[in-house]
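Accompanying notes for the structure given below.
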Amino acid sequence: MTSPLAKLLEAALFASARPVTADELTALDDSATSDEVAAAITELREHYDGDGHGVELLEVAGGWQILTRPEYTEAIERAQLAARPHRLSAAALETLAIIAYRQPLGRAEIEEIRGVAVGGVLKSLHDRGLIEVTGRAEGLGRPLLYGTTALFLEQFALRHLEELPRADELAIALRTVAPAGSVT
Amino acid sequence: MTSPLAKLLEAALFASARPVTADELTALDDSATSDEVAAAITELREHYDGDGHGVELLEVAGGWQILTRPEYTEAIERAQLAARPHRLSAAALETLAIIAYRQPLGRAEIEEIRGVAVGGVLKSLHDRGLIEVTGRAEGLGRPLLYGTTALFLEQFALRHLEELPRADELAIALRTVAPAGSVT
Amino acid sequence: MVAEKMTFVAPPDGSVAHGTFVVELTHFSGPLDLLLSLIRDEQIDIRDIPIARIAEQFLARISTLELDEAAEYLEMAARLLRIKAQMLLPRNENDEAWEDPRAELVRRLLEYQQMREIVDVLDIRAEARRNRFARAFLPEQPAPPAAPLALSLGELLNAVDRIIRAVRTPSMHDVIPRALDVDGAMNTVRGMMAAHANARWTDLLAPSSEPWEVLSLLLALLELARRGEIRLAQPRPFANVEIARDVAASEAA
């Protein structure tokens with residue numbers, strides 16, 4: 001691309017979270033006329049189309065937007081999933097473990113054990129369907145109580161919670177842990 | 001650009017909010033070797049640099065990311081298409097500096113160096129995703145240990161921690177600072 | 001926390017904008033920062049600080065800064081005065097064992113100064129990055145977790161282990177936080193046995209029973225069997241437990 005204006009438009013379109021109107025694009029450069037902006041838009045669009053790019057400039061509801069070409073969408077989504085197996089973070093695992101063994105219990109109690117705020121972790125465990133609100137505690141503020149779900153049991157191939165090793169059995173269990181499927 | 005792989009990489013890099021590692025890029029195309037991906041990365045980078053683009057391809061936080069060129073930032077911000085994040089306070093930067101060099105380390109150690117309480121700063125840094133709890137120390141109270149995150153590297157335009165000056169390159173070298181090699 | 005009681009003043013470089021992320025106490029990020037600034041202003045060798053003078057200036061500054069509530073600054077002031085007093089103690093010129101009372105302070109100041117150098121590096125880096133935008137528009141994520149959750153029991157148990165080792169007084173033994181109601185369960189079983197000669201485990205337990213109910217029932221059955229009121233049988237492992245009224249016992253009762 002040759003025109004400085006087209007480069008500026010590219011940067012602006014790239015940085016914006018939403019489509020950008022021609023008026024907004026014109027506002028980027030005080031000295032640019034709307035005709036010049038229109039020409040720069042055409043230049044950018046033709047550059048993407050003619051010079052072998054993975055993105056294109058499209059006019060969508062309300063303005064212009066750089067979008068990835070649809071033929072790459074599938075490969076990108078597949079790679080994103082492959083690259084990110086949905087593993088739980090250490091923080092999530094520890095929170096889940098506390099809930100599994102102490103349920104029903106409230107957030108404050110979990111935070112006391114883990115020593116950090118767990119609001120975000122609770123939300124993500126809840127979104128994944130591994131924990132649920134089982135009731136409210138008595139007392140100040142009547143805090144929500146959390147417990148594990150049926151999906152939690154399924155995830156670990158457990159028939160019921162009592163199949164989890166007791167704390168005093170853990171030392172042994174940890175040494176002989178078998179893959180999830182074979183634990184009974 | 002001529003290679004189909006470079007187009008695919010461009011689309012994938014556009015689609016990601018975070019830097020994408022070379023491994024993740026290689027996963028996009030089953031038939032692509034890592035050498036071919038490296039060549040395509042170079043092709044894309046040189047295309048942005050040589051053919052008048054408003055964006056560039058940079059290596060950050062162990063991956064690759066397309067970012068706008070700094071000369072357009074002011075215009076973009078003025079047109080309210082994007083806003084730069086707030087700067088970190090001196091207290092936050094000091095705390096981050098200590099964590100970056102000494103990680104993993106606990107709150108008491110940071111407070112010892114900074115001479116002030118850092119509870120609030122640690123929480124803000126954690127909320128911002130710049131630090132994470134990496135474990136607990138042995139000993140009394142088993143305090144939480146902190147380390148920096150990939151987002152830290154990203155927001156400080158670092159490819160990896162070793163890009164920070166080594167302690168012996170600083171004007172004043174200290175006996176207590178761990179050698180840079182051990183900072184990971 | 002001290003910070004909350006302080007007057008909030010943005011640093012002179014305007015580095016704290018509105019929407020402040022961390023509110024700075026003053027221009028100084030702490031007593032060491034203030035001390036370092038005094039030493040710089042006075043062009044003093046950090047390794048040979050004239051403690052009396054610096055202590056005086058330090059106290060003057062914290063009074064003008066209205067930092068009278070700042071424990072950390074006061075603590076440093078007290079430290080400086082203590083060092084000053086120690087410096088005044090008479091000592092033998094040839095005393096090789098004499099330790100400079102300033103040594104620890106000097107070490108901390110050097111360490112702090114080094115950290116500030118790193119801050120400068122980070123600040124430049126952060127500015128460079130702030131001046132570039134990443135793509136803000138992101139295509140809608142592919143339908144929520146399409147990938148199965150990769151999670152094994154081993155991982156969960158390791159997490160439990162981490163917690164147990166982390167908590168100072170492990171109290172994981174109380175797996176079931178509710179008190180068991182064995183008496184209640186015994187009454188339930190007796191009621192069932194009064195009506196039916198035979199029953200099965202699953203007849204006594206709702207599918208949604210909570211762990212404490214399961215355990216209560218189990219203990220109740222064992223207790224009743226021990227007392228000879230019922231007989232228990234399980235044809236094979238994991239099969240339903242069969243409960244039968246112990247005829248001899250109930251007739252005797």
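No hydrogens, no waters, no symmetry mates; every other heavy atom, side chains included, goes into these values. Here is how names work: the chains are called A, B, and so on, in the same order as the sequence lines, proteins then strands, and each is numbered from 1.
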**Prompt:** Is the shortest side-chain N to carboxylate O distance from B:R102 to C:E111 below 4.0 Å?
**Reply:** yes
**C:A136, part contacting chain B, at a heavy-atom distance under 4.5 Å** = neither
**Asked** Considering heavy atoms only, which positions within residues 46-56 of chain B lie below 4.5 Å of chain C?
**Response** B:E56
**Asked** What part of C:A128 lies closer than 4.5 angstrom to a heavy atom of chain B: side chain, backbone, both or neither?
**Response** neither
**Item:** Interface moiety of B:E94 toward chain C, non-hydrogen atoms closer than 4.5 Å
**Value:** both
**Message:** Around atom CD of B:E112, are there more than 12 heavy atoms from other residues, nucleotides or ligands closer than 6.0 Å?
**Reply:** yes
**Message:** With a 4.0 Å cut-off on N to O distance, would you call C:R47 and C:D45 a salt bridge?
**Reply:** no
**Item:** Contacting region of B:L144 [heavy-atom separation from chain C under 4.5 Å]
**Value:** neither
**Request:** Compare all side-chain heavy atoms of C:L105 with those of C:L80 and state whether any distance is below 4.5 angstrom.
**Result:** yes
**Prompt:** Between C:D120 and C:R116, is there a side-chain N and carboxylate O pair less than 4.0 Å apart?
**Reply:** no
**Message:** Could you check whether any side-chain heavy atom of C:Q113 comes within less than 4.5 Å of a side-chain heavy atom of C:L109, counting everything from C-beta outward?
**Reply:** no
**Prompt:** At a heavy-atom separation under 4.5 Å, does C:E127 approach chain B through its side chain, its backbone, both, or neither?
**Reply:** side chain
**Message:** Heavy-atom cut-off 4.5 Å, strictly under: side chain, backbone, both or neither for B:L58 against chain C?
**Reply:** side chain
**Prompt:** At a heavy-atom separation under 4.5 Å, does C:R108 approach chain B through its side chain, its backbone, both, or neither?
**Reply:** side chain
**Message:** Looking at B:T149 and B:L130, would you say the former's side chain and the latter's main chain have a donor-acceptor pair under 3.5 Å?
**Reply:** yes
**Asked** Charged N to carboxylate O below 4.0 Å: is that the case for C:R125 and B:E163?
**Response** yes
**Item:** Sub-4.5 Å side-chain heavy-atom contact between B:L88 and B:R128
**Value:** yes
**Request:** Please check if atom CD in C:E56 has more than 12 non-hydrogen atoms from other residues, nucleotides or ligands closer than 6.0 Å.
**Result:** no
**Item:** Proximity breakdown for B:I66 and chain C, heavy-atom pairs closer than 4.5 Å
**Value:** backbone
